[in-house]
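All heavy atoms count here, side chains included; hydrogens, waters and symmetry mates do not.
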Amino acid sequence: MTSSLAGRVAFISGAGHGIGKATALAMARLGATVGVNDLKEDFVQETVDAVRAAGGHAIGLAQDVSTREGMRSAVLRLASEAGRLDIHVNNAAWVRYQPLAEITPEVMDRMVDIGFKSVIWGIQAAAEAMDPQRGGSIINVASIAAVRPAARSIVYSGIKAGVVGITRAAAADLGARNIRVNAVAPGAVPTEGTAKHRDAERDAKRISRTPLGRLGTVEDIADAICFLAGDESRFINADLLLLDGGASQTNLG
């Protein structure tokens, strides 16, 4: 069966590693051309090379998307080179966990710029680039912390809760143009970026509280994003898909 992503063009921010990279690989396998964005050129090239090695199509877009100008430049370049834009994934983030008393303006500003403002800039640029008749799908990567915050996560949890609000407001604004806007909320997923915040004891505790008995993988999240990007989810809009194996919706102690 032909994938509904075949022939479509997707922009993915923060695609140099982790969930973003897995999403780029998954979408490319389904026939999409992927625009691989990250701040660092070497991260971008690694993902582009991996996509091409698997037989997919990728365009590298090394750019700082925490600014309006940077995001717009990257998105419109992809749309120009690929001839269209159908899917936009706002995945970029920069994360620090700190006790309340230790939160500094510098850390908070960077987290907000990359994790919150870039989502708005991404939606704005995607809406400009997407065909007004064909529409498209925008997926924002939030976190289970948006609905179930942990200690030392005031800024992070606030940003991710804000991403959920942005998602629903944008869906209200863009629905008339056939642009759907949804969000995913991953739980604890082992990635390069989360490694410093994890340890074996903490992982074991998370697993014990998860009905499926394991942590999620980047592929689990990527597959859910692909579902929201495709025609199979055509009537899903303004939604938040919880991707934590049921941990946040059950009580296993």
Q: If you measure from CG on Asp223 to CE on Met27, what distance do you get to the nearest 0.5 Å?
A: 10.0 Å

Q: Is a side-chain donor or acceptor of Arg68 paired with a backbone partner of Gln124 at a separation under 3.5 angstrom?
A: no

Q: In Å and rounded to the nearest 0.5 Å, what is the CG to CZ distance from Asn178 to Arg234?
A: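 Interatomic distance, Asn178 CG to Arg234 CZ, rounded to 0.5 Å: 11.5 Å.
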
Q: If two hydrophobic side chains count as joined below 4.5 Å and joins carry through other members, does Leu241 share a cluster with Val181?
A: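 Shared cluster, no.
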
Q: Are the side chains of Gln98 and Val155 in contact, using a 4.5 Å heavy-atom criterion?
A: no

Q: Do Ile225 and Ile12 come within less than 4.5 Å of each other through their side chains, counting heavy atoms only?
A: no

Q: Might you point out which heavy atoms bring Ser4 and Gly230 nearest each other, and give the distance in Å?
A: OG-CA, 3.4 Å

Q: For the pair Asn182 and Asp239, evaluate side chain to side chain donor-acceptor pair (under 3.5 Å) and give the outcome as yes or no after the intermediate values.
A: CA-CA 5 Å; Asn182 292 290; Asp239 208 352; over 6 Å; no

Q: Are Asp38 and His17 packed together at the side-chain level, in the sense that at least one heavy-atom pair is separated by less than 4.5 angstrom?
A: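 In contact.
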
Q: Quick test of your reading: applying salt bridge (Lys or Arg N to Asp or Glu O under 4.0 Å), list the pairs with at least one residue in residues 3-26, sequence neighbours left out, ordered by first then second residue.
A: Arg8-Asp231

Q: If I compare all heavy atoms of Ser248 with all of Arg148, which pair ends up nearest, and what's the gap?
A: CA-NH1, 3.4 Å

Q: Go through Ile221 and Thr23 one step at a time and tell me if the side-chain contact (heavy atoms from CB on, under 4.5 Å) criterion holds.
A: CA-CA 8 Å; Ile221 312 307; Thr23 301; 5.9 Å; no

Q: Where is the tightest heavy-atom contact between Ser66 and Ser118, given as atom of each residue plus distance?
A: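 Heavy atoms only, the tightest pair is CA-CB, 4.1 Å.
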
Q: Could you please spell out the steps behind the side-chain contact (heavy atoms from CB on, under 4.5 Å) verdict for Val75 and Trp121?
A: CA-CA 10 Å; Val75 170; Trp121 304 142; over 6 Å; no

Q: Do the rings of Tyr156 and Tyr97 sit parallel, tilted or perpendicular, given the 30° and 60° boundaries?
A: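 Geometry flag for Tyr97 against Tyr156: perpendicular rings.
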
Q: Under 4.5 Å between side-chain heavy atoms, counting indirect links through other Ile/Leu/Val/Met/Phe/Trp/Tyr residues: same cluster for Leu25 and Val141 or not?
A: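 They do share one cluster, since a chain of ILVMFWY contacts under 4.5 Å joins Leu25 to Val141.
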
Q: What are the two closest non-hydrogen atoms of Ala150 and Ser157, and how far apart are they?
A: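 In terms of heavy atoms, the two residues are closest at N-OG, 4.4 Å.
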
Q: If we check side-chain contact (heavy atoms from CB on, under 4.5 Å) with Leu78, which of these qualifies: Val34, Leu85, Val36?
A: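 The single option meeting the side-chain contact (heavy atoms from CB on, under 4.5 Å) with Leu78 is Leu85.
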
Q: Using 0.5 Å steps for rounding, measure from the CD1 atom of Ile138 to the CE atom of Met130.
A: 4.5 Å

Q: For residues 118-132, pull every pair meeting salt bridge (Lys or Arg N to Asp or Glu O under 4.0 Å), keeping only residues two or more places apart or in separate chains.
A: Arg72-Glu128

Q: Could you go step by step and tell me if Ile120 and Met71 meet the side-chain contact (heavy atoms from CB on, under 4.5 Å) rule?
A: CA-CA 10 Å; Ile120 295 176; Met71 177 65 83; over 6 Å; no

Q: Could you report the tightest heavy-atom contact between Ala247 and Pro211, atom names first, then the distance?
A: N-CD, 3.8 Å

Q: For Ala15, is there any backbone N or O sitting under 3.5 Å from a side-chain donor or acceptor partner on Asn91?
A: no

Q: Give a yes or no on whether Val89 and Phe227 share a hydrophobic cluster (residues Ile, Leu, Val, Met, Phe, Trp, Tyr; joining criterion: side-chain heavy atoms under 4.5 Å apart).
A: yes

Q: Any chance you could measure Ile139, atom CD1, to Leu228, atom CG, to the nearest 0.5 Å?
A: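 Spacing of CD1 (Ile139) from CG (Leu228) equals 6.0 Å.
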
Q: Please give the remaining members of the hydrophobic cluster of Val147, linking ILVMFWY side chains under 4.5 Å, ordered by chain and number.
A: Ile144, Val164, Leu240, Leu242

Q: For Asp220 and Arg214, run side-chain contact (heavy atoms from CB on, under 4.5 Å): C-alpha distance rounded to whole Å, both residues' side-chain angles, the deciding distance at 0.1 Å, then the answer.
A: CA-CA 12 Å; Asp220 291 329; Arg214 66 175 178 86; 2.8 Å; yes

Q: Report yes if the side chains of Asn37 and Gln63 come closer than 4.5 Å at any heavy-atom pair, otherwise no.
A: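 Of all side-chain heavy-atom pairs linking Gln63 with Asn37, at least one is under 4.5 Å.
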
Q: Under 3.5 Å, is there a donor-acceptor pair between the side chain of Ser153 and the main chain of Pro149?
A: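 Checked: no pair found.
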
Q: How about Leu252 and Ser208: do any of their side-chain heavy atoms sit closer than 4.5 Å?
A: no

Q: Check whether any side-chain heavy atom of Val112 sits under 4.5 Å from a side-chain heavy atom of Ile159, and report yes or no.
A: yes

Q: Has Arg177 got a side-chain atom pairing as donor or acceptor with Ala127's backbone, closer than 3.5 angstrom?
A: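 Present.
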
Q: Could you tell me whether Asp49 and Arg52 have a side-chain N and a carboxylate O separated by less than 4.0 Å?
A: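 Judged by the 4.0 Å cut-off on N to carboxylate O distance, Asp49 and Arg52 do not form a salt bridge.
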
Q: Is any side-chain heavy atom of Val107 closer than 4.5 Å to one of Trp94?
A: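 When only atoms from C-beta onward are counted, Val107 and Trp94 do touch, with a gap below 4.5 Å.
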
Q: How long is the straight-line distance from CD of Glu41 back to CG of Leu61, given to the nearest 0.5 Å?
A: 9.5 Å

Q: Within the distance-only criterion (no hydrogens, no angle test), does the side chain of Ser73 pair as donor or acceptor with the backbone N or O of Glu69 below 3.5 angstrom?
A: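 No; judged by distance alone, with no hydrogens or angles, the pair does not exist.
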
Q: For Pro190 versus Leu215, what's the shortest heavy-atom pair and its separation?
A: CG-CD1, 3.9 Å

Q: Using only atom types and a distance under 3.5 Å, with no angle test, would you say the side chain of Ser13 pairs donor to acceptor with the backbone of Ala92?
A: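 Yes, Ser13 side chain to Ala92 backbone: donor-acceptor pair under 3.5 Å.
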
Q: Is it possible for you to say whether Val48 and Ile59 belong to one hydrophobic cluster, with membership spreading through side-chain heavy-atom contacts below 4.5 Å?
A: no

Q: Distance from Leu212 atom CG to Ile207 atom CD1, nearest 0.5 Å?
A: 11.5 Å

Q: Any side-chain heavy atom of Leu174 sitting closer than 4.5 Å to one from Ile123?
A: yes

Q: Quick one: do Ile87 and Val163 end up in the same hydrophobic cluster if we chain Ile, Leu, Val, Met, Phe, Trp and Tyr together by side-chain heavy atoms under 4.5 Å apart?
A: no

Q: Distance alone, cut at 3.5 Å: any donor-acceptor contact between the side chains of Ser233 and Arg180?
A: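 Yes - a donor-acceptor pair under 3.5 Å links their side chains.
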
